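Below is one structure, written out as C-alpha cells; comments come after it.
Since the structure is predicted, the reported quantities are computational estimates derived from the model, not experimental observations. Index from 1, following the sequence. Both counts, for ligands and for their atoms, begin at 1 and track the order of listing.
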Amino acid sequence: MPAARRDPYPPGMDLREELPSDEQSVRDVHLQAFGRGHAVGDLVGSLRDTITPQSGLSLLAELDGQVVGHVMFTRCLLDAPARLVDVQVLSPVGVLPEFQRRGIGSALIRHGLETLAERAVPVVFLEGNPAYYSRFGFVRGEDLGFRKPSLRIPDGAFQAITLPAHEPWMTGTLVYSEPFWRHDAVGLRNPD
Ligand SMILES: CC(C)(COP(=O)(O)OP(=O)(O)OC[C@H]1O[C@@H](n2cnc3c(N)ncnc32)[C@H](O)[C@@H]1OP(=O)(O)O)[C@@H](O)C(=O)NCCC(=O)NCCS
C-alpha cells in the first residue's frame, strides 16, 4: 500500500487508503453526507468487494484522527470499437457536513486522480454536477466521444476526464459494473 500522504491543505489532514477497520467510519460519512439512509453505504459495501490491489481505490481523509471524508473509484468497462477497456468510475464522494467547504473533497478527488494516472488508468467517469467537477478537469463525456450507460443520466451530468494513458481509439459506451445496477444507483429514477 502506498504511504499515506499529508496534504498541506487543510492543515492537519491526512489522505490514506481505507483499511478494513474503517468500514463503519466510511458508512457514517456517507450516511451524514448524503442524508439518504443507508443506500450509499450499501453501494460502497458492494463496490468495495470489486477493489483489488491492481484496480480501484478507496481513499479517506482524516482530520486529527477522525475520518471526515471518503472517495471511491472502481473498475468499469468502456465498450470501445476495438475492444473492452478497463476504466474507473468515481462514486461516491462524501464529506461530513460540518467539514464541507474546506477543500477536503477536492483533496480526495485530486489525490485519487493522481494515483490512477500513475496506474495508467486511461479514463475516469462520474455522474455529478459539472459546477463542482469541472475544477478537476472533468468535461461532458459526450464531448470526448463517450456514451452514457443509461438514458436516465441527465445530459451534462455524465462526465469524464482522460488521463495520460488514454489513446484516441478509446471511445465508446461506458458499462457500469454490476453493483451500480444491483443498487439501482444509475441516473435518476422518475425525474418527473
Ligand atoms: C460534494 C462534496 C463531496 C464536496 O466536498 P467539500 O469538501 O465540501 O468540497 P470542497 O471544499 O473541495 O469544495 C467546495 C466547493 O464545492 C462546491 N460544491 C460542493 N458540492 C457541490 C455540488 N453538489 N454541486 C456544485 N458545487 C458543489 C461548494 O459550493 C464549494 O464551492 P466554492 O469552492 O466555489 O466555494 C460534499 O459537499 C458532500 O459530501 N456533499 C454531499 C454528498 C454529495 O453530494 N456527493 C457528491 C455526489 S455527485
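The presence of a protein heavy atom under 4.0 Å from atom 20 (N) of ligand 1 is ruled out. Within the 4.0 angstrom cut-off, atom 2 (C) of ligand 1 has no protein heavy-atom neighbours.
Of the protein's heavy atoms, Gly103 N, 2.7 Å lies nearest to atom 11 (O) of ligand 1. The nearest heavy-atom contact from the protein to atom 40 (N) of ligand 1 is Gln100 NE2, 3.6 Å. The single protein non-hydrogen atom nearest to atom 44 (O) of ligand 1 is Phe34 CE2, 4.0 Å, given as residue, atom name and distance. Here the protein heavy atom with the shortest distance to atom 26 (N) of ligand 1 is Tyr132 CB, 3.6 Å. In terms of protein heavy-atom proximity, atom 45 (N) of ligand 1 is closest to Val93 O, 2.9 Å. Summary of contacts: the protein heavy atom closest to atom 7 (O) of ligand 1 is Gly105 N, 2.8 Å. For atom 33 (O) of ligand 1, the nearest non-hydrogen atom of the protein is Arg135 NH1, 3.2 Å. At the shortest separation from atom 25 (C) of ligand 1 among protein heavy atoms lies Asn129 ND2, 3.4 Å.
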Can you list, pair by pair, the side-chain donor-acceptor contacts under 3.5 Å of residues 180-187, counting residues two or more places apart and other chains?
from   : atom 1 : to     : atom 2 : distance (Å)
Trp181 : NE1    : Tyr176 : O      : 3.4
Arg182 : NE     : Glu178 : OE1    : 3.1
Arg182 : NE     : Glu178 : OE2    : 2.9
Arg182 : NH1    : Ser46  : OG     : 3.3
Arg182 : NH2    : Glu178 : OE1    : 2.9
His183 : NE2    : Ser46  : OG     : 2.7
Asp184 : OD1    : Arg189 : NE     : 3.0
Asp184 : OD1    : Arg189 : NH2    : 3.1
Asp184 : OD2    : Arg189 : NE     : 3.0

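Two residues are said to be in side-chain contact when any heavy atoms from C-beta on lie closer than 4.5 Å; Glu167 and Pro122 fail this criterion. Here the side chains of Thr173 and Leu78 are not in contact, with every heavy-atom distance at 4.5 Å or above. Taking 4.5 Å as the limit, some side-chain heavy atom of Val26 sits within range of a side-chain heavy atom of Arg48. Between Arg119 and Gln54, the closest side-chain pair of non-hydrogen atoms is not below 4.5 Å. Contact of the Val93 side chain with the Tyr133 side chain is registered, since non-hydrogen atoms from C-beta on lie closer than 4.5 Å.
Ring-plane geometry between Phe138 and Phe136 is classed as perpendicular, the angle between the planes exceeding 60 degrees on a 0 to 90 degree scale with a lower cut at 30.
The closest heavy-atom contact to atom 8 (O) of ligand 1, among the options Gln159, Gln32, Arg101, comes from Arg101.
At least one N or O atom of Val95 sits closer than 3.5 Å to an N or O atom of ligand 1. For ligand 1, the polar-atom distance check against Arg102 finds a nitrogen or oxygen pair separated by under 3.5 Å.
Pairing each heavy atom of Leu108 with each of Leu60, the nearest pair is CD2-C, 3.7 Å.
For the residue pair Gln24/Asp28, the side-chain donor-acceptor check at 3.5 Å is satisfied. For the residue pair Ser134 and Gln159, no side-chain donor N or O sits within less than 3.5 Å of a side-chain acceptor on the partner.
Against a heavy-atom cut-off of under 4.0 Å, Gly94 is close to the following atoms of ligand 1: 39 (O). When each atom of ligand 1 is checked for a heavy atom of Ser106 under 4.0 Å away, the hits are 10 (P), 12 (O), 13 (O). Every atom of ligand 1 with a heavy atom of Glu127 under 4.0 Å away is listed here by number and element: 48 (S). Annotation for ligand 1: atoms under 4.0 Å from non-hydrogen atoms of Ala33 are 39 (O), 41 (C), 42 (C).
For Tyr133, every heavy-atom contact with ligand 1 shorter than 4.0 Å involves the side chain, none the backbone.
Heavy atoms from other residues, nucleotides or ligands lying under 6.0 Å from CZ of Arg147 number 12 at most.
Under the 4.5 Å side-chain heavy-atom criterion for Ile, Leu, Val, Met, Phe, Trp and Tyr, Leu163 and Trp169 are members of the same hydrophobic cluster.
Put simply, no part of His30 is less than 4.0 Å from ligand 1, judged by heavy atoms.
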